[in-house]
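Working notes, beginning with the structure itself.
First the proteins, then the strands, lettered A, B, ... as listed; each starts at 1. Quick caveat, the model's predicted, so the values are computed rather than measured.
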Amino acid sequence: MIKNVFFITLFFTLKSLILFSQDKKTANLLELQIKAKVLKYNDQINFNKAQRFFFENNWDSTLVYSMKQLSKTKNKELKDYCHYFRGISFQNKKILDQAKKEFGQISSGFDFYYKVNFSLGEIALQQNKFEIALSYFNSIDKLHERSYDFKKSSVSHNIGLCYLHLGNFAKAEKYLFESTRLQEIEKDSLMLVGSYMDIATLYYEQYKDNLAIPYFKKAYDLSKKVKSFELKRTATLNMAVVEENRKNFSQALVYRKEFEAWKDSLNDQNKVWAIADLEKKFAIQQKQKEVNVLAAENKAKIAERNGFLISSVLLLILFGTGVYFYRQKIRSSKIILKQKEELDELNATKDKLFSIVSHDLRSSVNALKTSNGRLQENLENKNYEELDTLLHNNSTIANGAYNLLDNLLNWALLQTKQTYFYQESLHLASIVQQVEYNYKPLMLNKNISFTSNVPSGEYVFADMDSLKIVIRNFLDNAIKFTKENGSISIYTRPSSEEYCYLVIEDTGLGMSKSTRDELLKDSVLLSKKKNDDIIGTGLGMQLCRSMIYKNGGKLDIESEENIGTKIIIALQKFKNHG
Amino acid sequence: MDNINVLVIEDTVSESDALVKVLSANNYNIVGIAATYNQALEMFYNNVVDIVIIDVFLDGKPDGITFAETINIVPNSVKPFVFLTSSKDRQIFERAKLTKPFSFLMKPFNELEILYALEMAVEKFYEQTNVFHSEDQNTVISNDSLFIKKNKALKKVRIEDIVYIEVEDRYCNIITETEKFVILISLTKIMHLFDASKFFQTHRNYIVNSSKIIEIVLSDNLIVLKGNHNVTLSEKYKDLVSRFTVLK
């Protein structure tokens with residue numbers, strides 16, 4: 001068992017040795033040849049590079065540039081070289097099948113075809129295909145020694161190895177001795193150690209311990225002169241095993257210790273590599289950490305920026321809504337202020353109205369009271385002639401008070417919008433007649449000549465009651481302002497398409513232009529009292545104006561002081577078609 | 001020509017008195033003065049009434065409107081009516097307005113106003129507006145009567161009393177068995193509003209009440225009517241004879 005283990009280790013050790021020594025030897029002739037090719041094909045940059053890397057043992061680069069060269073060139077010679085470069089590169093990278101493929105693509109006319117065969121043999125050997133390896137090596141062995149540039153000893157050695165593996169000890173012995181002899185001539189101590197150990201193994205396998213041990217010893221002694229730790233280690237281990245088998249344990253222990261030492265130094269080297277590897281890994285980890293930290297920082301920065309953006313947008317919205325509400329507030333407060341002013345004005349008007357109305361009503365009723373007193377007095381005194389005038393006086397006062405009250409009520413209803421308002425077709429002449437009917441006695445009393453000339457074909461679109469109130473007020477005014485023996489006339493002006501113009505004309509006091517404008521102005525202020533007897537509250541005028549507008553009509557006044565006034569009421573015409 | 005029968009529904013005696021005074025002075029016939037809702041209904045259904053004057057508030061309640069609503073339910077018995085009111089309260093008006101056709105009169109009112117209101121009520125009720133104040137017409141035709149404006153007031157003629165109508169220009173001579181008078185109305189309007197099965201045109205200028213025909217003398221182109229009236233039958237309208245069952 002022990003023998004087996006030690007044999008296999010020995011074998012693999014040897015193989016690498018073979019390849020190594022071989023490369024060194026064969027390079028010379030090949031190199032010369034290739035340099036010549038480079039000069040010949042100096043325009044092929046890729047080939048140039050490939051061969052350079054090839055001799056620098058930079059296999060990966062060699063593979064890359066040879067591939068580039070292959071994809072471009074059709075030159076058979078260059079192709080062969082490139083395939084060869086690739087084959088050797090793959091072989092060194094232990095990609096054996098690929099290497100075999102590349103070697104297979106080299107044409108048989110290649111200058112170093114025997115080298116190809118040699119390489120193929122080595123591959124077969126490494127793949128434990130000993131028979132195939134043997135055939136390759138034998139084909140090289142048969143060639144004349146001078147036709148190839150590497151040592152016959154290598155070939156012999158390899159053949160020997162093959163036979164050793166195939167169990168053909170006799171042949172193995174022959175070839176191994178042959179290679180040993182050649183190596184001794186060539187003074188190749190490195191290869192010699194391998195060869196001695198192989199021979200020793202050969203004998204040891206056949207249990208020819210006496211023959212084997214001197215070779216082991218020789219290999220061990222020689223190994224001390226070489227630099228390869230691997231070789232030293234193997235040789236020492238072999239010696240340890242041999243001494244152990246000879247039961248010479250103290251000696252075995254010495255060899256063992258030496259073996260351990262070599263192993264340690266080898267391990268140290270391995271450890272250095274491992275530490276370097278670890279350091280590399282650590283450095284990578286460190287870098288990775290840095291990268292992670294940077295990434296995290298970036299993330300944080302992005303988050304911060306986004307946060308800033310969002311908060312600024314929110315602030316903007318907040319600001320916008322704030323401004324909006326502020327403006328709303330300002331606007332509403334403006335409206336409120338305006339409304340307050342209007343209300344104040346209205347309130348002032350109302351107060352004034354009340355004062356005037358109360359004054360008027362009180363004075364009217366008071367006048368009625370005193371008049372009644374005089375009436376009673378006259379009745380007691382049987383002074384019947386006075387009675388008639390007093391009664392007329394009374395009825396006039398009562399009428400005035402009634403009109404005032406009526407206007408007040410109508411005005412209140414209009415303001416509170418509680419009145420029923422319904423516009424319909426009205427026969428203007430009839431309405432005028434109905435209103436003037438009540439005033440005929442009054443005018444007769446004042447000796448006012450009255451003419452009414454409203455064509456019976458006029459129909460207006462209005463609310464009957466409000467129209468009556470309007471006409472009543474204007475007629476009342478006309479009578480009030482017209483002196484005795486004056487005249488009042490109601491007539492229409494030629495109507496337009498939409499309006500019918502009703503004119504109430506008197507020969508009364510008339511009014512100044514400013515009064516006229518004030519009356520027509522859509523103001524709530526009441527006209528000032530100039531004369532207690534004549535000028536009223538202005539309530540009637542305002543009521544009329546409101547009612548005319550509500551009926552969709554217009555009001556105009558033409559007046560000259562001391563000549564007369566014309567009140568022109570424009571009323572909507574009634575149209576059958578709506 | 002008959003006077004118009006008016007039913008007054010008014011609970012304030014002084015006001016009803018004033019109303020009666022004005023109406024009587026204008027030849028309106030007062031069929032009764034009702035002070036309550038029940039009284040009003042009784043009088044309305046037991047008398048021949050042409051127009052009703054209704055005070056909206058009876059004893060402080062809007063029973064006047066209730067009355068109008070009640071008579072409105074039976075469509076054929078409804079007569080023109082006028083509301084009297086002293087307040088323009090919108091709520092009351094909105095309710096009163098539903099009893100169509102709706103006309104009203106504000107208190108206080110004068111003679112002209114009440115007469116105008118009655119005329120308006122008749123016009124609106126029979127859907128012949130702008131009649132009494134127009135220059136070419138003074139008659140509203142209902143299904144059984146003509147309402148004619150004579151001077152300031154309205155008069156009525158029962159359509160079945162008319163013997164024939166003679167058209168003269170814009171005027172129509174209405175001839176009954178006892179009277180003869182002129183109204184302002186166009187022939188086409190009369191023909192449009194009269195029952196075509198009872199009144200026939202016999203001539204360009206004549207419309208005859210078929211129930212008043214005594215004899216048709218085709219040879220003389222003459223129609224003899226009740227009350228000893230003769231009317232010409234022109235060639236154009238002779239085929240009306242075929243509408244009678246002729247005895248031979």
> Counting only heavy atoms not in B:Asn151, do more than 12 sit closer than 6.0 Å to its CG atom?
Replying inline: no
>> If you count heavy atoms of other groups shown closer than 6.0 angstrom to CD of B:Gln91, is the number above 12?
In response: no
>> On a heavy-atom basis, which atom in B:Tyr116 and which in A:Ser430 lie closest, and how many Å separate them?
In response: CE1-CB, 3.4 Å
> Would the number of heavy atoms belonging to other residues, nucleotides or ligands and lying under 6.0 Å from CZ of B:Phe181 be above 12?
Replying inline: yes
>> I'd like to check A:Tyr437 versus B:Glu113 (side-chain heavy atoms, cut-off strictly below 4.5 Å). Are they in contact?
In response: no
> In terms of heavy-atom contacts, does CZ of A:Arg493 have more than 12 from other residues, nucleotides or ligands at under 6.0 Å?
Replying inline: yes
> Given that the side chain runs from C-beta out, which part of A:Leu409 has a heavy atom under 4.5 Å from chain B: side chain, backbone, both or neither?
Replying inline: neither
>> With a sphere of 6.0 Å drawn around CD of B:Glu94, does it hold more than 12 non-hydrogen atoms of other residues, nucleotides or ligands?
In response: yes
>> Would you say that more than 12 heavy atoms from the other residues, nucleotides or ligands in this model lie under 6.0 Å from the OH of B:Tyr45, or not?
In response: yes
> Do other residues, nucleotides or ligands put more than 12 heavy atoms under 6.0 Å from the NZ atom of B:Lys180?
Replying inline: no
> Under a 4.5 Å cut-off applied to non-hydrogen side-chain atoms, are A:Lys468 and B:Met106 in contact?
Replying inline: no
>> Evaluate B:Phe104 against A:Tyr420 for side chain to side chain contact (heavy atoms under 4.5 Å, CB included), listing each step before the verdict.
In response: CA-CA 12 Å; B:Phe104 70 94; A:Tyr420 174 80; 4.3 Å; yes
> Between atom OG1 of A:Thr419 and atom CZ of B:Phe93, what is the distance when rounded to the nearest 0.5 Å?
Replying inline: 7.5 Å
>> Could you measure the distance from the NE2 atom of A:His427 to the OG1 atom of B:Thr129? Nearest 0.5 Å is fine.
In response: 12.5 Å
> Given the options A:Glu424, A:Gln418, A:Gln434, A:Gln433, which has more heavy-atom pairs under 4.5 Å with chain B than any of the others?
Replying inline: A:Gln434
> Which answer fits B:Glu111, side chain, backbone, both or neither, if we ask what part of it has an atom under 4.5 Å from a heavy atom of chain A?
Replying inline: both
> Could you state the interatomic distance from CG (A:Leu426) to CE (B:Met120), rounded to the nearest 0.5 Å?
Replying inline: 8.5 Å
